[in-house]
Enquirer: 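Below: one structure in structure tokens.
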Amino acid sequence: MLNLLEKQDIFKTTQIHNRRYLGNKYKLLPIIHHIVKKECFSVNSIADIFAGTGAVSSAFVDKQIITNDLLYSNYISNIAWFGSQDFNKKRIIEFITYYNSIQPTQENYMTKNFSDTYFSHKTCAKIGYIREDIEKNYHLGIINERERAILITSLLYGMDRIANTCGHYDAYIKNATLSKELELAVPEVFPHNNKLNQCYNKDANQLVKEISADLIYIDPPYNSRQYCDTYHLLENVAKWEKPEVFGIAKKMDRNHLKSEYCTQNATKALEELIDNINAKYILFSYNNMANKGNDRSNAKISDEDILRILQKKGTVKIFTENYKAFTTGKSNIQENAERLFLCTCFKQKKTIASPMNYTGGKFKLLSQILPLFPKNIHTFVDLFCGGCNVGINAHATHYIFNDNNQKIIELYSILKNTPTQKIIDSILTIINQYNLSNSALYGYAYYNCESSSGLGQYNKKAFTALRKDFNLLQQKDYHYYIMLFVLIIYSFNHQIRFNSKEQFNLPVGKRDFNKKIQEKLIEFMQAIQEKKCSFTAFSFMDFDISSLTKDDFVYIDPPYLITCASYNENGGWTEEKEKNLLLFLEKLDTLNIRFALSNVLRNKGKENTLLCTWLKKYPHIQVIPIKNSYANSNYQTKDKNSICEEVLIINYKGE
């Protein structure tokens with residue numbers, strides 16, 4: 001392979017828009033970007049679910065990007081452009097320089113099937129050799145997944161630049177002079193994409209059931225032209241499964257790649273898609289061809305249906321931009337325009353918040369964590385469930401909430417198996433019995449208190465009496481756990497803490513059973529009662545994983561070894577427990593059970609050397625940075641500007 005350091009001038013570069021693609025919206029990026037900037041607020045994540053070559057996504061590289069396309073050739077290019085995995089640019093350049101320098105002559109899949117059609121025999125020999133070499137080096141571990149994607153993308157772009165077509169692969173030009181040489185260029189991919197970026201290769205109608213984003217951009221096929229027919233050859237080379245090809249155009253079987261949006265079912269498909277979207281905004285791009293062209297080029301979804309479907313989801317604005325349409329006929333389409341329908345969605349079902357406030361709880365991090373979880377989970381195990389914020393908002397068939405705090409697990413069991421109104425009535429009975437405040441009913445002024453200073457002074461005596469009576473109880477029955485819940489709600493920061501004598505020992509807090517807490521409790525109970533879930537109270541070392549399979553998932557949010565949280569007081573979480581936890585992770589990994597571990601690598605000048613050293617032993621395990629936010633947590637309040645390197649550690653690839 002050539003030493004590129006000595007040959008700096010021998011390679012070219014290519015950009016994302018340098019590939020011919022039907023319906024490419026690169027020229028529309030200014031208006032798309034303008035609409036999002038002017039009309040949409042607090043947009044931090046964008047899902048481009050019919051991404052094609054990724055042109056629209058490229059306008060938002062400063063945000064979290066989710067791309068999806070049914071064609072693998074587009075999916076692999078999107079990994080190249082938007083993937084978050086690190087890559088070695090020098091290695092990429094050296095491979096591409098090497099590929100440009102060679103001229104193999106041996107027969108291969110490409111020469112046997114495509115010689116003198118879209119490419120000459122000479123070019124087919126080179127394409128086949130390069131594609132085989134990329135795959136070989138990937139399986140040998142010489143290049144990683146993103147490097148593989150970048151090299152395949154370079155090959156696809158190089159092929160498309162010289163292909164003997166009119167821009168697509170429905171047919172090749174007969175008797176054409178096939179003299180153009182294949183030359184690969186280095187894709188100018190951004191090396192520091194958002195670590196939360198995700199790329200999918202799925203049916204968009206299924207994907208939207210599994211993801212959420214602030215804005216979802218939709219650019220489906222408009223007419224009967226199937227993209228898998230138009231780009232079958234690039235799809236074939238990208239997947240490299242070497243299928244049998246047939247017909248003059250040398251197409252492989254593409255039935256599994258057909259889109260409903262190119263058929264008479266397009267309107268039905270769009271309605272299903274929009275119904276299942278979870279976003280603040282939907283930006284829908286659709287050309288107004290209607291019946292202006294020939295049958296194959298005419299739009300499949302009417303304006304009336306588009307508005308009807310979107311207006312069920314939210315309020316709609318329409319933006320228009322003159323745009324040349326692609327038509328299979330020779331029609332001169334006049335007044336053709338690309339329309340952008342911006343739907344501001346009605347308020348979606350909100351994320352469920354636990355009525356209990358656990359130190360280090362992940363509620364504020366859910367928008368970062370949940371998208372990183374596997375999309376198909378049978379049993380979700382929340383191993384250190386704490387306040388249950390993560391498990392209650394995850395998507396699975398069955399849930400196991402586990403925590404070594406027997407009391408909190410029993411409380412959750414009661415909340416699941418008791419009618420909501422009975423729980424509310426029992427809580428209010430205890431509040432009235434001890435003469436605790438009820439600001440939901442009477443407000444703050446009734447107790448000569450203000451919201452800023454809180455209700456602690458008024459409730460102190462009553463809270464102390466309740467805590468004393470609770471600690472004297474011997475029988476741990478329904479009444480015991482309702483009293484515990486009331487204590488938690490009226491205690492400092494709504495937390496739970498017991499001393500070495502198993503006595504609840506938190507002081508009174510500023511708040512009470514107000515409307516916000518009541519809403520949280522009702523929503524939490526409704527969610528937990530709807531789920532198929534069970535509750536266990538084991539130490540993680542005693543938790544039985546023998547029944548778990550590769551279809552299950554274990555989320556692990558243990559006490560952090562190097563923080564100063566209350567659960568680490570008096571040696572609560574030790575190095576010995578940290579070592580045992582790492583052994584537990586190894587066992588899960590050996591059994592091919594997917595897991596995600598929340599933890600901190602560095603905090604306030606300290607490093608979790610045990611975890612950092614362990615990670616070096618397992619290069620397949622990914623470490624994803626998480627932007628932490630613990631404004632209400634004790635161990636962060638003294639120095640909010642300190643560096644806390646929070647991460648999510650996973651042993652699986654994004655799905």
Enquirer: Check K126 against L182 and note the closest heavy-atom contact, atom names and distance.
Expert: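 Smallest heavy-atom distance, with atoms named: NZ-O, 3.6 Å.
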Enquirer: Nearest 0.5 Å, what's the SG-CD distance between C612 and E645?
Expert: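 If I round to the nearest 0.5 Å, the distance is 7.5 Å.
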Enquirer: Which of parallel (below 30°), tilted (30 to 60°) and perpendicular (above 60°) describes Y118 and Y169?
Expert: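 Because their plane-to-plane angle lies in the 30° to 60° range, the rings of Y118 and Y169 count as tilted.
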Enquirer: Who passes side-chain hydrogen bond (donor to acceptor under 3.5 Å, both in side chains) against N74, sequence neighbours left out?
Expert: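 Scan of N74 (side-chain hydrogen bond (donor to acceptor under 3.5 Å, both in side chains), adjacent residues dropped) gives R19, Y21, D69.
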Enquirer: Would you please name every residue forming a salt bridge (charged side-chain N to carboxylate O under 4.0 Å, His left out) with R146, sequence neighbours left out?
Expert: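 R146 satisfies salt bridge (charged side-chain N to carboxylate O under 4.0 Å, His left out) with no residue once adjacent residues are dropped.
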Enquirer: Show me the pairs that pass ring-ring contact (aromatic ring centres under 6.0 Å, His included) and involve residues 48-67, at least two apart or across chains.
Expert: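 Matches after skipping sequence neighbours: H33-F60, F50-Y261.
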Enquirer: Measure the acute angle between the ring planes of H620 and Y618, then classify it against the limits of 30° and 60° as parallel, tilted or perpendicular.
Expert: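 Perpendicular.
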Enquirer: Under 30°, 30 to 60°, or over 60°: which ring-plane class applies to F373 and F380, parallel, tilted or perpendicular?
Expert: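 It falls in the tilted class, 30° to 60°.
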Enquirer: Would E235 and R254 pass as an ion pair if we require N to O under 4.0 Å?
Expert: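 Not counted as a salt bridge, because no side-chain N and carboxylate O are separated by less than 4.0 Å.
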Enquirer: Tell me if the centroids of the rings in Y286 and Y222 come within less than 6.0 Å of each other.
Expert: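 Yes; Y222 has its ring centre under 6.0 Å from that of Y286.
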Enquirer: Could you tell me which residues satisfy side-chain hydrogen bond (donor to acceptor under 3.5 Å, both in side chains) with K550, sequence neighbours excluded, listed by chain and number?
Expert: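 Scan of K550 (side-chain hydrogen bond (donor to acceptor under 3.5 Å, both in side chains), adjacent residues dropped) gives none.
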Enquirer: Could you tell me if the side chain of N236 sits less than 4.5 Å from the side chain of K251, heavy atoms only?
Expert: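 Not in contact.
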Enquirer: Show me the donor-acceptor pairs, under 3.5 Å and distance only, between side chains in residues 147-157 and residues at least two apart or in other chains.
Expert:
from: E147; atom 1: OE1; to: R91; atom 2: NH1; distance (Å): 3.1
from: E147; atom 1: OE1; to: N144; atom 2: N; distance (Å): 2.8
from: E147; atom 1: OE2; to: N88; atom 2: N; distance (Å): 2.8
from: E147; atom 1: OE2; to: R91; atom 2: NH1; distance (Å): 2.8
from: R148; atom 1: NE; to: E135; atom 2: OE1; distance (Å): 3.3
from: R148; atom 1: NE; to: E135; atom 2: OE2; distance (Å): 3.4
from: R148; atom 1: NH1; to: Y72; atom 2: OH; distance (Å): 3.2
from: R148; atom 1: NH2; to: Y72; atom 2: OH; distance (Å): 3.4
from: R148; atom 1: NH2; to: E135; atom 2: OE1; distance (Å): 3.4
from: R148; atom 1: NH2; to: E135; atom 2: OE2; distance (Å): 3.2
from: T153; atom 1: OG1; to: S77; atom 2: OG; distance (Å): 3.3
from: T153; atom 1: OG1; to: A149; atom 2: O; distance (Å): 2.7
from: S154; atom 1: OG; to: A185; atom 2: O; distance (Å): 2.6
from: Y157; atom 1: OH; to: I16; atom 2: O; distance (Å): 2.8
from: Y157; atom 1: OH; to: W81; atom 2: NE1; distance (Å): 3.4

Enquirer: Is a salt bridge present between K195 and D86, judged by a nitrogen-to-oxygen distance below 4.0 Å?
Expert: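 A salt bridge links K195 with D86.
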Enquirer: Provide the closest heavy-atom pair for I130 versus L184 in the form atom of the first, atom of the second, distance.
Expert: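 Nearest pair, atom of I130 first, then L184: CD1-CD1, 4.2 Å.
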Enquirer: Using residues 238-247 as the side-chain source, report each donor-acceptor pair under 3.5 Å to any protein atom, sequence neighbours left out, with the distance given to one decimal.
Expert:
from: W240; atom 1: NE1; to: E132; atom 2: OE1; distance (Å): 2.7
from: K242; atom 1: NZ; to: E132; atom 2: OE1; distance (Å): 2.8

Enquirer: Apply salt bridge (Lys or Arg N to Asp or Glu O under 4.0 Å) to the pair K258 and D229, showing each step before the final yes or no.
Expert: CA-CA 9 Å; K258 301 291 185 182; D229 294 339; 3.0 Å; yes
Enquirer: Which heavy atom of F82 sits nearest a heavy atom of S57, and at what distance?
Expert: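 F82 and S57 have their closest heavy atoms at CZ-CB, 3.5 Å.
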